[in-house]
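Convention: sequence-line order gives letters A, B, ...; per-chain numbering from 1. No hydrogens, no waters, no symmetry mates; every other heavy atom, side chains included, goes into these values.
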There are 2 protein chains.
Amino acid sequence: MKPIKLIIADDHELFRNGLNELLKKYDDVQVVALVEDGNELFQELEKHKDIAIVLLDITMPNMDGFQVLNALKSQNTNVKPIVISMHDEGNYIASCAKNGAYSYLLKNTDQDKLIKTIRIVNGGKKYFQPQIAEKMINYMSEQSVSENILSNKEKEVLGLISKGLTTKEIAKQLFVSSRTIETHRANIIKKLEVKNTAELIKKATEINLI
Amino acid sequence: MKPIKLIIADDHELFRNGLNELLKKYDDVQVVALVEDGNELFQELEKHKDIAIVLLDITMPNMDGFQVLNALKSQNTNVKPIVISMHDEGNYIASCAKNGAYSYLLKNTDQDKLIKTIRIVNGGKKYFQPQIAEKMINYMSEQSVSENILSNKEKEVLGLISKGLTTKEIAKQLFVSSRTIETHRANIIKKLEVKNTAELIKKATEINLI
DNA sequence: ATTTCAATCAGTATAAATACGGATGTTATT
DNA sequence: AATAACATCCGTATTTATACTGATTGAAAT
């Protein structure tokens, strides 16, 4: 049985070393390297091609955890990142999930949970604890409060704009004149307090209107 | 102790009635009405102002589950929707979570889980089972694969476009000519296979580029 | 050494969006 | 009954964006 090779990435030396000591107790886990930022991490990953897991802190200097997750995702590695963070805010968790984290643990997790998670993730499965998933879901649903600022017609027009239709095409499809659509567009832009269509679409997705 | 008042919304009569029978066993639950679409649901909600929970199917005629979730969210009711669906795809689950569902159950859930969920949700807490949360997380991370299709400059320009800056403003800020920015924009639009800036911004947010 | 590609700039022409105006009938709300 | 909000429509002028073709430089890859 080969051990699970992993790297610990955290800018706090005490935490890094403590975690290392802690994992020595488990025969099926082998800590290959300790690094303090994303740059060092990728150097180590170059050297060792058989790393299964990275225990990853979010707040690090130079290249932080989010950037690491992104970089790992765009490369086609089979390195599976487990985020270990002190932040339990939903937006952190959601961002990590979105960017390909295999798990999200808080720094006050007990070691049984940690080793359990490492073993599950090593098997290729993602594992988010119920409390963590709950925080994420709460965050996601909070994100959208505003629905009533736009009229139904405006929402409809907005939807078509976001599909890449031009004013003229929308007008044709809705059996009204282009002027009408232009007015709608202008009103929507005013209501959402943005400068132009590009920013409009961005804001609209942010507040869940499309 | 007051019973938990709830409404069942599902277009399949057999399922609706079966669920109703099933819930009769529990003294703390009172089924107030059975409806077969969103319109009927809101009529009943008008009549009964003390409904705590709606058991909601997604696929319904006239006004489907997503629309119901949205409508409930924009009103300020304290009706807490529990989605009961036969679809276990991540995108369904994520959409429901985003739109304010308090839970998401599959139609093959056993009744213990159902009543447990009803009681938790009645207490005002959201509850998503681990397997359900997992599917959602997998979906979320799948959503973004592409990072390397755009060059760094293109990503930078895209970011500025999404902030609502015009070509001229971007050119000024990056100390290059407007032509350059126009070319970048055109290349980005081509690479992401969209028609114009509006669709571009939408697609870019979908695949996590901004 | 050659190819490939990102980044830069150019001309010309058309299409589309934005900024100002202003108007009318309908529908909710109070 | 009055008011507000909405959806619909129109004009003019200016600014932006898009389409097409084409070019140069330098860096990276093969």
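Closest contact between the side chain of A/Thr166 and the listed nucleotides C/dA17, D/dA7, D/dT16 involves C/dA17.
Side chains of B/Ser85 and B/Tyr104: a donor-acceptor N/O pair is present below 3.5 angstrom, by distance only. If you check the side chains of A/Lys126 and B/Ser141, you find a donor sitting under 3.5 Å from an acceptor.
A sub-4.0 Å separation between OP1 or OP2 of D/dT16 and a side-chain N or O of B/Lys168 is present. Contact annotation: B/Thr167 side-chain N/O to D/dA17 OP1/OP2 distance is under 4.0 Å. Between A/Ser151 and D/dA7 there is a side-chain N or O to OP1 or OP2 distance below 4.0 Å.
Not counting sequence neighbours, the partners of A/Lys125 by the salt bridge (charged side-chain N to carboxylate O under 4.0 Å, His left out) test are B/Glu134.
For DNA chain C, the neighbouring residues in residues 189-202 of chain B, judged by any heavy atom under 4.0 Å, are B/Lys191. Of the residues in residues 176-185 of chain B, those with a non-hydrogen atom less than 4.0 angstrom from any atom of DNA chain C are B/Val176, B/Ser177, B/Arg179, B/Thr180, B/Thr183, B/His184.
Using a 4.0 Å heavy-atom cutoff across all strands shown, A/Asn152 reaches sugar-phosphate atoms only and no base atom.
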Would A/Arg16 and A/Asp11 satisfy salt bridge (charged side-chain N to carboxylate O under 4.0 Å, His left out), going step by step from the backbone distance to the final call?
-> CA-CA 8 Å; A/Arg16 221 160 53 217; A/Asp11 59 330; over 6 Å; no
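Shown are B/Leu56, B/Ile118, B/Leu6; of these, the side-chain contact (heavy atoms from CB on, under 4.5 Å) with B/Ile82 is made only by B/Ile118.
Taking atom CD1 of A/Ile170 as the reference point, atom P of C/dA17 lies 7 Å away to the nearest angstrom. Atom CG of A/Leu174 and atom P of D/dA7 are 12 Å apart (whole Å).
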